[in-house]
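Note that the coordinates shown come from a computational prediction; the quantities given were computed from them, not determined experimentally. One-based numbering, in listed order, for ligands and for the atoms of each.
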Amino acid sequence: MTEESFDGIKVNGRSYRKPTARTVVICFDGCDPRYISHGLSAGLLPNISKIMSEGFFAIADAAMPTFTNPNNMSIVTGAPPKVHGISGNYYLDKATGREVMITDASLVSSGTVLAALADAGMRVAAITAKDKLRKMLGSGLKGICFSSERAREATLKENGIDEVERLVGRPTPDMYSPDLSLFVLDAGIRLLETRRADVLYLSLSDMVQHSAGPGEELADSFNREVDKRVGRMLELDAVVAIVADHGMTDKCTPDGQPQVVYLERALNDQFGPSSVRVICPITDPFVRHHGALGSFVRVYRKKGAPLATQLHAVRALPGVDAVLTREEACARWELPHDREADLVVTGDRNTVIGASAAEHDLSALAGHRLRSHGGAFEQRVPFLLSHPLTAEYRATSESRALRNFDIFDFALNGVQ
Ligand SMILES: [Zn+2]
């Protein structure tokens, strides 16, 4: 293909063709591969099963940290966090010393595939479950962009669409119900049925996966409902691509108690009060899922012992997986250097890391085991395409590990 004949866009060094078939990319939030394997063996996922036999299925690696915002941004930019600048939900602004929840696009430092496709004349829709993600995903996007959490409030001016409840045929869902995600899929289906969008990015919520593992009724019935909607998109002749932002692991002791390292407390006990501040970048307004406990935290050294001494102290704690300096973390996980802490600490498979007990309300978890994500044990995610790959992309998939943020490349350039 010559440069002149290329009908597409370039974003962050990658080229994307403008699709001729309508294309839906689903971010199946928190869909650990174990939900797929269980769903297939239990017969819950007939449509995903069909995709696997007729299209393409692989396991890909999510970006680190394995949190929702960094990975959604990686998926829509086709790039790791060092390119788009979002490496958590919550961060410490080193310039001001303030701790900030990221809810707008001010920290997004690159363009998105969605915005570029819209600029190239495609009709693009981005629908999210949680409103906290909407402005980031919609960064620069001239198209439809709304959340199911705030569907009722969508306006043409702000969201490129109004009367969403009428479109979907039911009221805005409760923010803690599985319908928060199903509403996203149903809205996408209605946009396909009414021919209002060519490219759709549908990003779900991981509330169900935080609450229930494979085989538990809540998860099984939710996954069955998602699969039904995938089937409807296939009926509508869309190319459907499914990927996840991160996996999900049980973070409990064998007797069901949350397995937590309170790292700020441990270091301040050892090195003196206010020696460090620990930031948990999983923190978000949806505290009921996980009590702000994940398997990845950032340690800011304030005073006391030298960094190397603190690093060795962290490494000695049971339940800790990796302890990296800023330079090491940025090199290994392609993180933005200017937003990284002095130390980055991850929990092992069944351990989450918090600041101090007072900062994490575990009473909210009543009724289910702590399940969470953030570390390297939640990097494996499913990567599915409804159509077979071209020979070139099949070769690519065999020659290197896929990333979840390869999904737009594969969906737009790689299917037959
Ligand atoms: Zn997530």
K.L.:
How open is the angle at the Zn ion (ligand 1) from atom NE2 of H246 over to atom OG1 of T68, rounded to 10 degrees?
P.N.:
110°

K.L.:
Just give me the atom name: the N, O or S atom of D245 closest to the Zn ion (ligand 1).
P.N.:
OD2

K.L.:
Residues in ring pair (Phe, Tyr, Trp, His ring centres under 6.0 Å) with Y393, at least two apart?
P.N.:
F410

K.L.:
What I want to check is whether the side chains of Q379 and T66 have a donor and an acceptor closer together than 3.5 Å.
P.N.:
no

K.L.:
Relative to the Zn ion (ligand 1), which of the N, O or S atoms in D29 is the closest?
P.N.:
OD1

K.L.:
Between NE2 of H373 and CG of D206, what distance do you get to the nearest 0.5 Å?
P.N.:
4.5 Å

K.L.:
In terms of ring plane angle, is the pair Y201 and F408 parallel, tilted or perpendicular, where the classes change at 30° and 60°?
P.N.:
tilted

